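Here is the structure we will look at, set down as C-alpha cells.
Keep in mind the model is a prediction, meaning the values are calculated, not measured. Convention: sequence-line order gives letters A, B, ...; per-chain numbering from 1.
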Number of protein chains: 2
Amino acid sequence: MESREKIMTAALEVFAEKGKHGARMEEIAKSAGVNKAMLYYFFSSKENLFKEVLVKALHGVFNRIRRTLQQSGLTGLGPAESVKLVVEKHFEAFVQDVPGTKIVLEAFVHEPSEIKRALDQICTETTRDNPCQLEPQRMTEILKAGIVQKIFRPIDVSQLFVSILGMSLIYFSARPIAQLFLGLNAKDEKKFLEQRQASITDLLLHGILEKEATKHA
Amino acid sequence: MESREKIMTAALEVFAEKGKHGARMEEIAKSAGVNKAMLYYFFSSKENLFKEVLVKALHGVFNRIRRTLQQSGLTGLGPAESVKLVVEKHFEAFVQDVPGTKIVLEAFVHEPSEIKRALDQICTETTRDNPCQLEPQRMTEILKAGIVQKIFRPIDVSQLFVSILGMSLIYFSARPIAQLFLGLNAKDEKKFLEQRQASITDLLLHGILEKEATKHA
DNA sequence: TTCCGGTTTAACCAATTCGTCAACTATATC
DNA sequence: GATATAGTTGACGAATTGGTTAAACCGGAA
C-alpha cells in the first residue's frame, strides 16, 4: 500500500479513537509505519489531514448507501419493504466503516462547519446520474409516499428520519463503553449488530404502519 | 457565585463545545472570569477538572431522572402510560443540561473507563432509599412487565432501550449542525424539542403495543 | 494591630507537540 | 552514468499550552 494511503487509514483509526484534538501526529505516523515528516509531506498540517479523512469518510458512507441501494433496486417494492431496505442499507453503510462513522459523528458535534463544507463539496461533485440525491431526501420521499397511500400513519417524517438516524448511530457512541462492560468478542458483536438492525426495523415498521395495513414481508 | 462553581460551569460549557482535548484551560478561566491559576488551585489538573465536571454531569442526569419520576409517581399507571412517562422524563432530564449530556456522550466514546468509574461511584454512594436503581433497569422492568401482560409485543427490551437512548441522544449530536443549517432561534428550538419528544413516544408506543391492546391515553 | 488561612494574581517554567529542513535514498529518464 | 523527481528520514525549531510559584490580597480571629 502507498504511504499516503497508509497514513490515511492510520489517521482514520487514531482520529476515531482519540478525537481530532486527542490524536497525536506522532502516533498516526507510528501506526502507519512511516516517519512523522511524511504526514506533513502529504498533508501539510494536522488540520488538513483531518479534513481529508473526514471528507473521505463522508464520501464513503454516501457512496456505499447509493451503490448498495441502486443495485438492490427499490422498484416494485411497496413503501414498507422500501423503508425496511433503505434503513437496513443505511445501517450497513455505517457499520462498514466504524471509525469513519465515529469521525463523522464527532465532526457533527465539534466541527459542524467542516461537515457543511464537505456536504456542499459532495453535492457539487455530483454527476448527472446522481443528481445530488442527499440520502435523507430519498428516505423521506419514501415515507411521504407511504403516508399518501395510507399505508403509513400520518407522521412527522423529518422527526422520524432523525429517530432512525439516532437508533442507528447510537451504536457507535455506545460501542466503547459496551465493549468495556460486556467485553464482546467479534462473534458477539456480529450477533449484536444483527439484533440491533432487526430491532430498529421492527420498531420502525410496527410504529409507522397503519393497523389495517398488510403486514410487511 | 463562588469561584469554584464559576469554574465548573464555565468548564462544562467549554468542554461540551470543544471536547476534552480541544478545550483550553486559559479559555475556561477567561470564560469563568478568574485567573487561570485558580483552576489549578481548585482542581490541580485539567484531567481532574474534566473528571469532576463529568461526574457532576452524570450525577445530575441520574438525580433528575430519579427525582422527577418519584414525584410524578408511576403507581397506578399501566405499562403504556408508564413507558411514555419514563421515556419523557429521561428526555427531559437530558435536555435540562445540554452541555452536560454532550460531555457524557463524548466520554462514552473517548473515555469509557472514566464513565465506568463514575457509574461505579454513583452506585456506591447509593443510599437505602435509592438502591442503586440505575435507571436502565427501571425502564426495562416496565417493558418486561408490559410484555408479560401481553400489552406489549414480545420484543428485545435491551435493544429497545438502546433505541430509546439513541432517539433521545441524537438530538445532542445533531444539534450544532442543525443549528448551522437551519439557524434555529430559542423559540424554534423549544418547538423542535417538543416535536422530538412527541415523535419518540409516538413511534415507540405504536411500535411496541399489541394491535388489539387499548390505545394509550 | 497583628496574624493567619484561604483566595487571587502576574509572571514564569517546562513539556508536549505541531511543524520544518537539509540531507539521503530510490527510481525512472535521458 | 548523470540527472531529475518523488519519497523518506532524523534531528531540530518554535509555538502552544498545561502547570508552578512567589508574592499580594483580604476578611476574620486573637
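A salt bridge links B/Lys18 with B/Glu27: at least one charged nitrogen is closer than 4.0 Å to a carboxylate oxygen. Ionic pairing of A/Lys102 and A/Glu13 is not present here: no N-O contact between side-chain nitrogen and carboxylate oxygen is shorter than 4.0 angstrom. A salt bridge links B/Arg175 with B/Glu189: at least one charged nitrogen is closer than 4.0 Å to a carboxylate oxygen.
Using a 4.0 Å heavy-atom criterion, one finds that A/Ala23 contacts the sugar-phosphate atoms exclusively.
Listed nucleotides D/dG19, C/dC18, C/dT9 differ in distance to A/Lys46; the shortest reach to its side chain belongs to C/dC18. Considering only side-chain atoms of B/Ser3, the nucleotide from C/dC18, C/dT8, D/dT21 that sits closest is C/dT8. Between D/dT9, C/dT7, C/dC18, one nucleotide has an atom nearer to the side chain of B/Phe42 than all others, and that is C/dT7.
A donor-acceptor contact under 3.5 angstrom links the side-chain atoms of B/Lys36 to the base of D/dG19.
Straight-line distance from the CD atom of A/Glu26 to the P atom of D/dA11: 12 Å, rounded to whole Å. Rounded to an integer number of Å, the gap from CD1 of B/Ile7 to P of C/dT7 is 11 Å. Atom CG of A/Leu39 and atom P of D/dG10 are 13 Å apart (whole Å). In this structure, B/Lys6 atom NZ and C/dT7 atom P are separated by 13 Å, rounded to whole Å. One can place CE of A/Met25 at 21 Å from P of D/dC12, the figure rounded to the nearest angstrom. Atom CE in A/Met38 sits about 16 Å away from atom P in C/dT20, given to the nearest Å. In this structure, A/Leu49 places its CG atom 10 Å from P of C/dG19, rounding to the nearest Å. To the nearest angstrom, P of C/dC18 lies 12 Å from NZ of A/Lys20.
Side-chain contact between A/Leu205 and A/Lys84 is present, with at least one heavy-atom pair separated by less than 4.5 Å.
For the pair A/Tyr41 and D/dG7, the criterion of a side-chain N or O lying under 4.0 Å from OP1 or OP2 is met. One finds a side-chain N or O of A/Tyr40 lying less than 4.0 angstrom from the OP1 or OP2 phosphate oxygen of C/dG19. The side chain of B/Arg24 contributes no N or O atom lying less than 4.0 Å from OP1 or OP2 of D/dT16. For B/Asn35 and C/dT8, the shortest distance from a side-chain N or O to OP1 or OP2 is not below 4.0 Å.
At distances below 3.5 Å, at least one donor-acceptor pair connects side-chain atoms of B/Lys46 with backbone N or O atoms of B/Lys20.
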